[in-house]
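Working notes, structure below.
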Protein chains: 2
Amino acid sequence: MIKIQQNTLYGEAAARIRDMINEGKLLPGTRIPEKQLCEHFGISRTPLREALKVLASEGMVELLPNRGARVMRLTRQMLEETYNVMGALEGLSGELACRYATEAEVADIQALHYQMMAHYQRREIRPYFEFNQQIHDAIMAASRNEVLKETYSSLSYRIQRVRYSTTMIDEYWDQAVADHEAMIECLVARDGERLGSILREHLRHKLVVAAASGVIDESPATSAT
Amino acid sequence: MIKIQQNTLYGEAAARIRDMINEGKLLPGTRIPEKQLCEHFGISRTPLREALKVLASEGMVELLPNRGARVMRLTRQMLEETYNVMGALEGLSGELACRYATEAEVADIQALHYQMMAHYQRREIRPYFEFNQQIHDAIMAASRNEVLKETYSSLSYRIQRVRYSTTMIDEYWDQAVADHEAMIECLVARDGERLGSILREHLRHKLVVAAASGVIDESPATSAT
DNA sequence: CTGGCTGTTTTTGTATTCATAATTCATTTT
DNA sequence: AAAATGAATTATGAATACAAAAACAGCCAG
């Protein structure tokens, strides 16, 4: 895995800005004031600007020449595109996981699944999401592909702020759980092809839900103030 | 598409360093001397270091804290992982292209295919590669997914230096061409599912060829001098 | 009152400077 | 002679300084 430079100032700054964006402390489309952030972090502009460059190449912020950095806005279009790509990557992770996961890993994932199901039964949405995420991460880890993992998490970061802010529609929730049931079956049976195709479709449903709730920016590409 | 800042010094520097790496002017594992490159580009260290940060987050170089930047070395493992991920992305591009490509685009891709085939018949490897790449790019473009395109090209850049440096083994070449024949069929028939699965496998063969030729770094993670 | 122009302020992009960590090379010691 | 120590050199990381571009405010003309 590519080491994130947490020990350097610019690495630290990048991590903190990422968090601020995901926590909603920096709003999409708003200008990121260099000076203010420098003072807030207690660092000079050099490392801060380096951090912004990194975040820009991660797609978290956009850099307008001579006009500073803005938090990247998530349009419906971008979200759809991103979900599709993440779906493809998850599909690969499933295929590979079936090939490379140890029995212990499969058992762990099964355990996570049952815990998730418990929260589903009780309609406990937050814990459900937690375990859901853990399952997908565990499959990713079992795929033994660091490039895949990095690529996926980079995309995941971009949409983090909307990912779990959706209210669950029962119909979608049932579908997602049905997918998960099938996923576990495939994993146990080591049916990589089928697990792959389930995972490739799995996220597609989510998009509809996200689009329905008001979390994304439907307005045209006018620069927000 | 995320605009690459070609007008700024750091953007220019990043582009030139990328090219230098792909052209073999900067060797994998070798240290990138900041001062020397600054003089070569006629810029100060600030924009150069910003460029290096960007390249690091693209996976082109690795940054060792207090020890400068090195050109990322491609191990067999990494190449395999990257090809797998690119395969998944190409698979998605195929699926989407079948859905969204205009008839004109399909016709263009077909034309490219026949030009490529002509070079295959004459065993003209360089032009063959050119058209091959153009076909994959055209499918990517027809997929109407900018996130996909960006993600793919980022990975593509990383392995650019080995991608077309392989000598073609006839057996592999024939297989690749057979894939391409099938791909065109699927595209014309708008059979996204099948095109997807062909493309997901298409790159896998390439790996074997690359591994066979000596272009990748099989040695353990000792720092090259 | 509105729209555009000009001078000022602010902000961004780049260069330079400073501090610190790493490397080199000579010297010393065994 | 080889290894180890330590001073000198060099390179990196970060802060500051400076130049240029954009944003802003006030003014004037219509």
Side-chain angles (χ1 to χ4, degrees), chain A residues 2-18 20-21 26-27 29-58 60-72 221-225, chain B residues 2-18 20-21 25-58 60-72 221-225:
Chain A
I2 290 175
K3 260 288 180 41
I4 295 164
Q5 323 288 113
Q6 294 287 33
N7 32 356
T8 63
L9 288 188
Y10 82 87
E12 185 75 28
R16 290 183 64 178
I17 295 171
R18 252 191 298 264
M20 287 174 77
I21 292 174
L26 291 171
L27 280 334
T30 60
R31 195 163 177 169
I32 299 174
E34 281 185 18
K35 208 172 156 217
Q36 193 176 311
L37 273 188
C38 284
E39 286 164 11
H40 186 241
F41 292 157
I43 62 176
S44 77
R45 281 178 60 219
T46 307
L48 185 99
R49 286 171 57 78
E50 289 172 349
L52 289 176
K53 300 284 182 301
V54 171
L55 293 173
S57 90
E58 287 175 9
M60 295 283 294
V61 308
E62 57 184 334
L63 258 34
L64 313 178
N66 290 318
R67 301 165 134 241
R70 287 163 187 270
V71 179
M72 188 70 87
T222 65
S223 53
T225 50
Chain B
I2 290 176
K3 260 286 181 39
I4 295 162
Q5 324 289 116
Q6 293 288 33
N7 32 357
T8 63
L9 288 188
Y10 84 86
E12 185 75 27
R16 290 183 67 176
I17 296 171
R18 250 191 299 262
M20 288 175 77
I21 291 173
K25 291 182 182 172
L26 291 171
L27 281 332
T30 61
R31 194 164 177 168
I32 299 175
E34 282 185 16
K35 206 172 156 218
Q36 194 177 308
L37 273 187
C38 286
E39 286 163 11
H40 186 241
F41 293 157
I43 61 176
S44 77
R45 280 178 59 218
T46 308
L48 185 100
R49 286 170 57 78
E50 287 174 349
L52 288 176
K53 300 285 182 300
V54 171
L55 293 172
S57 91
E58 287 175 9
M60 295 284 293
V61 308
E62 55 184 336
L63 259 33
L64 314 178
N66 290 318
R67 301 168 138 232
R70 288 164 186 270
V71 179
M72 186 71 86
T222 68
S223 53
T225 50

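Below, all heavy atoms of this structure are taken into account, side chains as well, without hydrogens, waters or symmetry copies. Just so you know, these numbers come straight off a predicted model, no measurement behind them. Labels below follow one simple rule: chain letters A, B, ... track the order of the sequence lines, proteins then strands, and each chain is numbered from 1.
- Atom OH in B:Tyr10 sits about 13 Å away from atom P in C:dT12, given to the nearest Å.
- Contact of the B:Leu27 side chain with the B:Val71 side chain is not registered, since no non-hydrogen atoms from C-beta on lie closer than 4.5 Å.
- Between the C1' atom of C:dT14 and the CD atom of A:Glu34 lies a distance of 12 Å, rounded to the nearest Å.
- The salt bridge (charged side-chain N to carboxylate O under 4.0 Å, His left out) search around A:Arg45 returns A:Glu34, not counting sequence neighbours.
- As rounded to whole Å, 12 Å separates atom P of C:dA15 from atom CZ of A:Arg49.
- The two residues B:Ala14 and B:Leu55 make their nearest non-hydrogen contact at O-CD2, 3.9 Å.
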N/O-N/O pairs, protein side and nucleotides 19-24 of chain C side, under 3.5 Å:
from	atom 1	to	atom 2	distance (Å)
C:dT23	OP2	B:Arg67	NH2	3.4

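- Atom CD of A:Glu50 and atom P of C:dT12 are 16 Å apart (whole Å).
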(request) Would you check, one step at a time, whether the test side chain to side chain contact (heavy atoms under 4.5 Å, CB included) holds for A:Met72 with A:Glu62? (result) CA-CA 6 Å; A:Met72 188 70 87; A:Glu62 57 184 334; 4.1 Å; yes
(request) Might you work through the side chain to side chain contact (heavy atoms under 4.5 Å, CB included) test for B:Arg18 and B:Ile21, ending with a clear yes or no? (result) CA-CA 5 Å; B:Arg18 250 191 299 262; B:Ile21 291 173; 5.9 Å; no
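- Counting 5' to 3', DNA chain D first comes under 4.0 angstrom of a heavy atom of chain B and last does so at the ends given by D:dA11 to D:dG13.
- The distance from the CD atom of A:Glu50 to the CG atom of B:Leu52 is 9.5 Å, given to the nearest 0.5 Å.
- Distance check: B:Leu48 CG to B:Glu12 CD gives 12.5 Å after rounding to the nearest 0.5 Å.
- Across every non-hydrogen atom of A:Ala51 and A:Ala13, the tightest pair is CB-CB, 3.8 Å.
- Counting to the nearest Å, the P atom of C:dT10 and the CD atom of A:Gln36 are 15 Å from each other.
- Atom-to-atom, CG of A:Leu63 to P of C:dT12 comes out at 10 Å; the value is rounded to the nearest Å.
- The side chain to side chain contact (heavy atoms under 4.5 Å, CB included) test applied to A:Arg67 returns A:Leu64, not counting sequence neighbours.
- Note: B:Arg16 CZ to B:Leu26 CG = 11.5 Å, rounded to the nearest 0.5 Å.
- Residues B:Thr46 and B:Leu9 have side chains not in contact (no heavy-atom distance under 4.5 Å, counting atoms from C-beta outward).
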Between protein and nucleotides 5-8 of chain C, what N or O pairs are separated by less than 3.5 Å?
none

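- Using a 4.0 Å cut-off on heavy atoms, the residues of residues 37-48 of chain B that approach DNA chain D are B:Arg45, listed by number.
- Residues satisfying the side chain to side chain contact (heavy atoms under 4.5 Å, CB included) criterion with B:Lys25, sequence neighbours excluded, are B:Met20, B:Glu23.
- Note that CZ of A:Arg70 is 11.5 Å distant from CG of A:Leu63, once rounded to the nearest 0.5 Å.
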